[in-house]
Every structure is written in C-alpha cells, then in structure tokens.
Amino acid sequence: MKIYSGSLAVLLLTSVSVHAGPEDVTAAEDAAASFQQIVGTPQAIQDNLTNPLLSDAQMQTPDGIAFDAQLICQQEDGFMEVLITPSATGDIGAIHIQQDTTLDGVYDRVYSTPTHASGVCANGFVSCTPGTWDNCRNYQWTAGDNNHLDVVEVGLSQLGGCYCLNNYCGAGLLVNNLDTTVAAVGGGAAAALAANNPYYAITNVRVNGPTAEYFGQNTAQCGAPGPSQLTSYFAAHAALPSDANAAAAADDVYQLIASSPAATQSDLTQVGCDIRRSVTMDEIDLNDIIDYNSGSGSVSPCGANCLQLILGTVGDNYWGPAACSMFEHNVQFNVLRPDRIVSATLTQANWDDWIQVRANSDLIWSGPNPWLGHGNPPGRCERLTNWNQTPNVNFTNSLTAGGLVDFNIRVAVAGFGEGYAYARVTVDTSCELQPDVVLDGCQAYQAEPECNLVDEIVDGVETVRNNTATGLTPIPSTRTISGVACSADVTRDWWDKRRTYECFSNNDYDFTSDLERKAFIQASATPTTYQDRITDVDTGAITITSGTMVLIDEVPVPACVSACKTRRERIRNDVGRSGVVSDQNTVPATYDMLYHECDQSNVCPLGAGEEIVKDCGCIDEFAEASVVMQLVRMGGQDILCSSGTQQPVQ
C-alpha cells in the first residue's frame, strides 16, 4: 500500500456545480436577521453573550438550541454601591460609596469623597465653587492594594470625557440626568478597582435614580478555598518557568507521561529571536510645560520658547460702583514640566485703584505703592486714575516646584475699577535623549532550561557559533537618533543582538511537503480549473493531476448598508482645557449626530429626542469629515503666535 502526503492538509477539489436560488437568498437573510437579534445592540450582547459566560444562564444558538457556556464561577455579589446627592446649586453635594473590599459578599467599608462634584469625568470628577466654574480642582479615582477607593488631585489633562452638570451650565442638568450621572461616577470608580484587581469581573450594574449597585465575581475564589498562588505571578511572571519545572519534577503523573515512549521520541527545534536597544528623543511642546486648569485667565504661546499667562479678566471698569471694596480674580495653572522652566516674570499690570498679585498665597508684587498683608491698602483708596505698569518682577520659584499653582489678583476699588496682569514664562524646549530601553525578545528562551544558545550575532559580528563563543566583540558604533525637529548622534557598545536557540520539542511532524502542495494548487488555480501535485512518500515520485471548478452563482446585493443620520439636542456642558465649552459659544445648546442602520422595512429606528437629518439610504459623509479635519488643522495654526513677538491686547 502506498501512502501519499497531504491527506491532512489539502482538500481535493472536484467538479461540482453550486447555485444559489431565491430561496437560498431568503434563508441567508433570515439567518442574518436572527443573528442580528442576538448581537445587534449592546444590551443584546450583554444578555445573550456576556451573561451566559459569567453566570449559569444558558447561551443559545440562532436557531434556539440552548447550551452551557459558563467560563467562571457562578457566585455573583454586589461589591460596590454608589449614592449621589444633588444640591441646590446643581452640584453633586456628596458622593458616598459602600464597598465590599474583601470580595466575600459583605459590605465592609463606606467612603465619602472629600468634596462636592461640579462636573463628572470618565475617570474622576471636577470640584469648583458651587454653582460656578471658578476655583476648580480635579480629582481622579484610585484604589490601593487593599481595594480601598480614594481620589487624588490631578491636572485637568489627566482626566477624560469631562462634562459640567451644575447650574453654571444649565438648570436641572443633574436632576434630569441622575441615572447617567451616577452610572458615570460609578463607572470611573469601578474601573479603578478593576485595574487594581486582575481577577475581578464586573457582571452587572443596577441603576435606580441616584443609586447604582455594581455586581461582580471574584474569579480567584472559583477554585479550592484559600489564596491562589497564581496571583503572585501577576507581578512576578519570570518565576513561572522555574516553578513549573519544580512542579513537574514532583508530579508522578507528569513524569509517567514524560518518560513514555511517545514523549521521548522528541527532536530539537531551532528558534530565532532579537534583542534590540531603543533610544528615543524627548521633544517638548509648549503645551507640555504649563496647562490651564481653571479660573479667570489663560495660557498661550508668545514665541518659540515663551508662554504668556493672563491673570484675571482683561477689561475696563467691570467692578463697582464701590466705596473702597475688595475684588478678586483667581486662576489656576498646572505646571507639568517644572524642569523646563527657565524664568517667570510679571511683565504688566493694569488696575484701578490698588492691586496685589499672589502665587500660592505668596505676595509677588503690589501697586501703585507697597501693600502688604490682607487688610485695606495703606493709603487713600480712590487714586483718580487707571494704572498700567511694568513691574518686571521675577517669580520663577513659584513655578519650579511643579503641580497646581494658584494665582490671586486682589484689587481695592473706589468707584469703578478693574484688575489683571500679564506674565511671561521663558521655557526650554530643547530636545533630550530618553533613557535607553532594551527590547528583549529572547527572555523566554534564556530562562527556559530546555533551550541552549547556539549562535549569536551582535551588530554584524559573530560572537557565538555552534554553542561556542568566538572571542569576537563588536566595537562601539554611533547612530543618529532623529525626532520631528531635532536629532543627535548616540554611541553605544551594541545595538542589535540576533540569537538562535536550540530547544527540545515534541513535534515529530513535518508539513513542508503539504505546504508546498497547497502553494502549487493555489498558483495553478483559475476560475474554472486547478492542478494538484502528489508526492509518493516511499519513492518520492511526483504525480500531477488536474480538476475543474464551478464558481457559485453571484447573488445581487444592495450597493450599501442602508443607514440614516439623526441628531439629538443637548446642552454644551463639555469641559476642555480652556473651561466649559458653552462659555465660548453664543448658543448654549448643540446637537449630537448619530447614525443608525435601517431595519428590513428601510425605516430609520429613531431614539428618544432624535430627529432625522438624512433618511435611509447610502450615506457618504467623507466630504463632511474632510472639512471638519481641515477646520481643526487650520484652527490649530491660527492659535500659534508665529511671529514670536508679543502683540498688544485687542
């Protein structure tokens, strides 16, 4: 009997006619519609796919056959309950969280945030003066090793998806959106917990007004009672190979199988890997050094290595009438890279009648005469003039500590007045090399006792050949590391190591001839014929055969997936680096654009509050997307102070 290779790898083609009639098209459309009901919406995916994998609920095939698909243990407990309380100013007066920190099904900790929330973000919240968007501070959710939730103060750029919800952005935003707001608050907290505990799976969320309860499963407790050793490998994965070998040596069943005739018929397999040294350039943009956080003011470029800070509101006589009253502006900036600050100078101050300028409560400068302390000015309040002076006072030490810096403009006004100041910050935007990073693709083979180093080539020099060191080493070489705007020559002892390891393998099968046969068939195939090449294993003789193919009849399909475009009105309460978006617009409302796939009757499935912009059909939005991208690009160019010379305030 002759044995021909490829019996497991190649499907021989024969002359078969395949046709698709109208009934086949209808059956395919029905199957697609049935599957769409299972995975067509986020809720359907949750009910039909996610929940059966995480609970004892059965999964169903499109034709209704139920089966068990549970991947982890059935136990499901509430691990966190979030309660928010609205206040009269529209802020969240308090956020209370009840936790099950030990994941045993019993709540054992109650945590309340240290302050109220004026806006909510995907990973934290913003707290401002109640009912306003002044004196804002930003908080991010975090969790410790004991699963205790907490918040840390951060810069606004470290939060994402923020929006305003207090009365500053519109009345009743919080009360009218309790469900979505408490879900957003709880989602950020739950994400911090999940990031801290790799075994925890969130399986369900129940929202009821201002309360949201989160349910989950502690997958680490699905096995035998007691702590699982697997958790230690999450932080120390390098210990896995040695522990596995030790466990194998002590396991009688493993040794019985490993010493069996089938297992001992092993061979050596060679594998290649690389170790590469990576050096990158640290290029600094002006926006990476100082970031606006909140309050009355702004930060903008004033040259290649210059940032201008505006402290307060630019204008004339916006305070008063008053009889020697005190007025204040507060603005907060986040110093992200204090190491890049060269100097900071208070260049200009405009006020009427007396002014004090402070940074983090430290007095920088006062005018028109020295004015110390927090009391009234040391002279007659009404000075009968508007002041415009250039103090040129250095306050670099107020910024070099980094982090959030609070500036305060305090003005004594008799009659009508104003008060604001300008500061120039000189920065260093030169390029620096980042520390070397070694990308070791050979670590797994180096730690594996069953693998031996056979060959190594370092920067083109053969240092190991046939398991023996050659005694050769490469001389240090220089490479040019380039960034977007600068480059540098870097010399290192080595850059690239290419290694070959020889590892014991249990694979006795060679599919080379099968792969060659598949490539021969593929290369010779036409829409109607093909050729096959069969090798006799005993003699090595090659036989060429041929066959015919008939393609499936084409079924006409629509030119596109019928879709519709709708819009839904909402308040502009998003928060960006320059403050609440609605402050920059004359109309407080905007529209969210949405797209829906039309149903089988070609009807647009409108959601609550939506109206049709484009009805069902083939929608092409490429032109609109191109215009939006061009607007963003040109808008970014307009923001730059390209001349490098400070311009007067318009």
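Numbering starts at 1 and runs along the sequence shown. Heavy atoms only: backbone and side chains are in, while hydrogens, waters and symmetry mates are out.
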| request: Please test Y591 against V613 for side-chain contact (heavy atoms from CB on, under 4.5 Å), starting from the C-alpha separation and ending with a verdict. | output: CA-CA 11 Å; Y591 289 94; V613 177; over 6 Å; no

| message | Set out, in order, the CA-CA distance, both residues' side-chain angles and the distance that settles side-chain contact (heavy atoms from CB on, under 4.5 Å) for I45 and T50, then state yes or no. | response | CA-CA 6 Å; I45 294 176; T50 304; 4.2 Å; yes

| task | Give the intermediate values and the outcome of side chain to side chain donor-acceptor pair (under 3.5 Å) for residues T491 and T478. | result | CA-CA 4 Å; T491 301; T478 301; 2.6 Å; yes

| said: With side-chain contact (heavy atoms from CB on, under 4.5 Å) as the criterion, how do R277 and R492 come out once you've worked through the C-alpha distance, each side chain's angles and the decisive distance to 0.1 Å? | reply: CA-CA 9 Å; R277 185 189 302 276; R492 295 291 185 266; 3.7 Å; yes

| field | Verdict with supporting geometry, C604 and D615, side-chain contact (heavy atoms from CB on, under 4.5 Å) | value | CA-CA 7 Å; C604 182; D615 210 345; 4.1 Å; yes

| said: Pair Q99, N147 - check side chain to side chain donor-acceptor pair (under 3.5 Å), show working. | reply: CA-CA 9 Å; Q99 287 185 253; N147 292 330; over 6 Å; no

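Going from atom SG of C616 over to atom NZ of K565 covers 14.5 Å, rounded to the nearest 0.5 Å. Summarising the geometry, atom OH belonging to Y214 is positioned 8.0 Å from atom CZ belonging to F79; distances are rounded to the nearest 0.5 Å. One finds the CD atom of E450 at 8.5 Å from the SG atom of C503 (value rounded to the nearest 0.5 Å). In this structure, CD1 on I457 lies 12.5 Å from CZ on R499, to the nearest 0.5 angstrom. Here CZ of R517 is found 8.0 Å from OG1 of T535. Values are rounded to the nearest 0.5 Å. Atoms CG and OG1, on D288 and T429 in that order, are 10.5 Å from each other to the nearest 0.5 Å.
Scanning for side-chain contact (heavy atoms from CB on, under 4.5 Å) contacts around S430 gives R340, D428, with sequence neighbours left out. With sequence neighbours excluded, the residues forming a side chain to side chain donor-acceptor pair (under 3.5 Å) with W495 are S477, listed by chain and number. Partners of Y445 under the side chain to side chain donor-acceptor pair (under 3.5 Å) rule, at least two apart in sequence or in another chain, do not exist in this structure. Every residue meeting the side-chain contact (heavy atoms from CB on, under 4.5 Å) condition with Q531, not counting sequence neighbours, appears here in chain and number order: F520, S524, I544, S546. With sequence neighbours excluded, the residues that form a side chain to side chain donor-acceptor pair (under 3.5 Å) with D274 are R276.
Between T566 and E611 the shortest side-chain heavy-atom distance does not fall below 4.5 Å. Two residues are said to be in side-chain contact when any heavy atoms from C-beta on lie closer than 4.5 Å; W141 and L159 fail this criterion. For the pair H596/L594, a side-chain contact is recorded, criterion being any heavy-atom separation below 4.5 Å from C-beta on. Side-chain contact between P474 and T463 is present, with at least one heavy-atom pair separated by less than 4.5 Å. Between I612 and L606 there is a side-chain heavy-atom pair separated by less than 4.5 Å. A 4.5 Å side-chain heavy-atom check between L149 and L193 finds at least one atom pair inside the cut-off. Side-chain contact between Q58 and D68 is present, with heavy atoms from C-beta onward closer than 4.5 Å.
In this structure, Q158 and V154 approach most closely via the heavy-atom pair OE1-CB, 3.6 Å. Annotation for G78 and E213: closest pair CA-OE2, 4.2 Å, computed over non-hydrogen atoms. The shortest heavy-atom contact between P476 and D493 is CG-OD1, 3.7 Å. The nearest pair of heavy atoms linking Y501 to C451 is CD2-CB, 4.3 Å. In terms of heavy atoms, I38 sits closest to N48 at O-ND2, 3.1 Å. Closest non-hydrogen pair, V490 versus L433, comes out as CG2-CD1, 3.4 Å.
Of the possible donor and acceptor atoms, none in the side chain of Q255 sits under 3.5 Å from a partner among the backbone N and O of A250. At least one donor-acceptor pair under 3.5 Å links the side chain of T539 to the backbone N or O of A541.
In the displayed structure, D145 atom CG is contacted under 6.0 Å by at most 12 heavy atoms of other residues, nucleotides or ligands. A 6.0 Å sphere centred on OH of Y595 holds more than 12 heavy atoms belonging to other residues, nucleotides or ligands. Applying the 6.0 Å contact sphere to CZ of F67 captures more than 12 heavy atoms from other residues, nucleotides or ligands. When the shell of 6.0 Å around CG of N467 is examined, it contains more than 12 heavy atoms from other residues, nucleotides or ligands. For CD of Q630, the number of neighbouring non-hydrogen atoms (other residues, nucleotides, ligands) closer than 6.0 Å is greater than 12. Around the CG atom of L439, the shell of radius 6.0 Å holds more than 12 heavy atoms that belong to other residues, nucleotides or ligands.
Between R498 and E456, none of the side-chain N atoms (NZ, or NE/NH1/NH2) sits under 4.0 Å from a carboxylate O, so this pair counts as no salt bridge. The pair D496-R479 meets the salt-bridge criterion, with a side-chain N (NZ, NE, NH1 or NH2) lying under 4.0 Å from an Asp/Glu carboxylate O. Between E610 and R568 there is a salt bridge, with a side-chain nitrogen of the basic residue lying less than 4.0 Å from a carboxylate oxygen of the acidic one. Between R465 and D455, no side-chain nitrogen of the basic residue sits less than 4.0 Å from a carboxylate oxygen of the acidic one, so the salt-bridge criterion is not met.
A side-chain donor from one of T102 and D104 sits under 3.5 Å from a side-chain acceptor of the other. D47 and Q43 are linked by a side-chain donor-acceptor pair at a separation below 3.5 angstrom, with hydrogens and angles left out of the test.
Under the 2.5 Å cut-off for SG-SG separation, C273 and C442 qualify: their sulfur atoms lie closer than that. Under the 2.5 Å cut-off for SG-SG separation, C564 and C598 do not qualify: their sulfur atoms lie farther apart than that.
The disulfide (SG to SG under 2.5 Å) pairs that include a residue from residues 28-66 number zero, where partners must be two or more places apart or lie in different chains.
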